[in-house]
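Heads up, the thing below is written out as structure tokens.
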Amino acid sequence: MKLVILDRDGVINEDSENFIRTADQYIALPGAMAAIARLSNNGYTVAVATNQSGIAPGLLTLRDLAGIHDKLQQLAIAAGGEISKIVFCPHGPDDDCECRKPKAGLMNQLIDALGTPETCFMVGDNLRDLQAGMAVNAIPLLVKTGKGNRTIANSSLPHGSLPEGTLIFDDLRAVADWIIGRQSV
Ligand SMILES: [Mg+2]
Ligand SMILES: [Zn+2]
């Protein structure tokens with residue numbers, strides 16, 4: 001199994017400083033659903049791992065989040081793709097949980113659900129996404145969408161350096177092109 005783990009906000013959809021609280025506020029980035037479909041149709045298992053710290057203070061409920069993720073699944077299906085599993089951390093930064101990225105809990109949840117991949121990619125716009133992926137030896141792929149350009153700018157700061165081997169792409173579409181293209185090399 002070849003697994004592509006996607007961060008959600010800023011990778012698949014437009015990010016929001018105020019949290020995405022309803023399915024209506026969930027807006028896919030251009031080409032993102034087509035990229036997921038291309039991965040699905042080329043033999044990759046696609047999963048999503050997302051920190052949703054708005055749950056802890058009650059900015060959105062688990063039911064709201066389920067509605068948002070239903071929409072995400074439906075958008076993927078409508079584009080001809082499939083998201084095999086969505087896992088999320090509902091905790092806040094001060095809750096000291098084991099699942100909030102950069103911790104590895106969400107990665108382990110995915111592997112428990114889907115099996116151990118022979119190849120794994122982690123796609124994120126934030127350093128902590130890539131750091132979480134390192135725990136399962138995922139190849140770190142940074143996109144410039146969402147907070148990606150800020151992550152690149154911060155990478156020269158003491159705690160901002162990107163994991164060794166991180167590759168940088170304009171967006172998820174470019175990531176999918178690269179992942180699919182590398183099979184034929
Ligand atoms: Mg993000
Ligand atoms: Zn958590």
Side-chain angles (χ1 to χ4, degrees), residues 1-13 15 19-20 23 26 28 32-33 35-56 60-77 79-143 146 162-167 172 175-176 179-180 182-183:
M1 190 254 298
K2 296 175 289 186
L3 178 62
V4 182
I5 304 172
L6 306 176
D7 173 48
R8 197 194 81 177
D9 299 333
V11 173
I12 307 175
N13 54 274
D15 205 352
F19 296 94
I20 293 154
Y26 188 89
M33 291 303 154
I36 289 170
R38 288 193 61 213
L39 289 167
S40 297
N41 295 325
N42 281 276
Y44 293 86
T45 300
V46 178
V48 174
T50 178
N51 286 351
Q52 289 299 322
S53 60
I55 302 272
L60 71 164
T61 65
L62 289 172
R63 191 171 165 181
D64 296 330
L65 189 65
I68 292 165
H69 288 169
D70 274 349
K71 178 173 177 180
L72 170 53
Q73 299 271 22
Q74 292 306 319
L75 288 171
I77 290 167
E82 181 186 3
I83 297 172
S84 296
K85 183 82 180 167
I86 301 174
V87 292
F88 61 90
C89 166
H91 307 110
D94 302 323
D95 289 343
D96 199 31
C97 69
E98 289 304 316
C99 45
R100 183 173 165 82
K101 295 176 284 184
K103 289 192 175 172
L106 295 180
M107 307 294 111
N108 292 328
Q109 286 181 34
L110 287 176
I111 286 171
D112 286 348
L114 300 170
T116 302
E118 67 222 26
T119 312
C120 186
F121 304 88
M122 177 72 215
V123 187
D125 67 327
N126 206 305
L127 176 58
R128 65 188 177 209
D129 302 320
L130 306 182
Q131 289 170 328
M134 296 313 280
V136 292
N137 292 318
I139 297 169
L141 308 177
L142 180 73
V143 289
L162 300 171
E164 187 164 349
T166 298
L167 299 174
L172 186 56
V175 167
I179 288 176
I180 292 163
R182 87 195 259 288
Q183 327 185 100

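Counting begins at 1 with the first residue of the sequence.
Using a 4.5 Å cut-off on side-chain heavy atoms (C-beta onward), Leu39 and Val175 make no contact. With a 4.5 Å cut-off on side-chain heavy atoms, Cys89 and Ser53 do not count as touching. With a 4.5 Å cut-off on side-chain heavy atoms, Leu162 and Gln131 do not count as touching. Contact check for Thr45 versus Ser40: no side-chain heavy atoms found under the 4.5 Å cut-off. Taking 4.5 Å as the limit, some side-chain heavy atom of Ile36 sits within range of a side-chain heavy atom of Leu172. A heavy-atom distance below 4.5 Å is not found between the side chains of Ile55 and Thr61.
Among Thr50, Asp64, Ile83, the one residue that satisfies the side chain to side chain contact (heavy atoms under 4.5 Å, CB included) test with His69 is Thr50. Between Leu106 and the choices Val48, Asn51, Asp129, Val136, the side chain to side chain contact (heavy atoms under 4.5 Å, CB included) rule is met once, by Asn51. Tested against Val46 for a side chain to side chain contact (heavy atoms under 4.5 Å, CB included), the candidates Leu6, Ile5, Leu3, Ile12 yield a single pass: Leu6.
Of all the heavy atoms in Pro90 and Cys99, the pair that sits closest is CD-SG, 4.4 Å. Annotation for Leu60 and Ile20: closest pair CD1-O, 3.4 Å, computed over non-hydrogen atoms. Of all the heavy atoms in Pro93 and Arg100, the pair that sits closest is CA-NE, 3.6 Å. The heavy-atom pair separating Met134 from Pro163 by the smallest distance is SD-CB, 3.6 Å.
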Show which side-chain atoms of residues 108-126 pair as donor or acceptor with protein atoms under 3.5 Å away, not counting sequence neighbours.
unit_1: Asn108; atom_1: ND2; unit_2: Ala104; atom_2: O; d: 3.4
unit_1: Glu118; atom_1: OE1; unit_2: Met1; atom_2: N; d: 2.9
unit_1: Asp125; atom_1: OD2; unit_2: Lys147; atom_2: N; d: 2.8

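Among residues two or more places apart in sequence or in another chain, the side-chain hydrogen bond (donor to acceptor under 3.5 Å, both in side chains) test is passed with Asp9 by Asn13, Gln52. Scored by the salt bridge (charged side-chain N to carboxylate O under 4.0 Å, His left out) test, Glu98 finds Lys103 as partners (sequence neighbours excluded).
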Is there a side-chain contact (heavy atoms from CB on, under 4.5 Å) between Ile179 and Leu141 once you walk through the steps? CA-CA 10 Å; Ile179 288 176; Leu141 308 177; 3.9 Å; yes

- prompt: Would Asn41 and Glu82 satisfy side-chain contact (heavy atoms from CB on, under 4.5 Å), going step by step from the backbone distance to the final call?
  reply: CA-CA 9 Å; Asn41 295 325; Glu82 181 186 3; over 6 Å; no

### Message
Show, in sequence, the C-alpha distance, side-chain angles and deciding distance for Arg128 and Asp7, and conclude whether the salt bridge (Lys or Arg N to Asp or Glu O under 4.0 Å) test is met.
### Response
CA-CA 10 Å; Arg128 65 188 177 209; Asp7 173 48; over 6 Å; no

For this session: Might you work through the side-chain contact (heavy atoms from CB on, under 4.5 Å) test for Arg38 and Ile180, ending with a clear yes or no?
Result: CA-CA 8 Å; Arg38 288 193 61 213; Ile180 292 163; 3.8 Å; yes

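For the pair Lys71 and Tyr26, the cation-pi test (distance below 6.0 Å, angle within 45°) is failed.
A donor-acceptor contact shorter than 3.5 Å is absent between the side chain of Lys101 and the backbone of Met107.
In Lys85, the NZ atom is not crowded: 12 or fewer heavy atoms of neighbouring residues, nucleotides or ligands sit closer than 6.0 Å.
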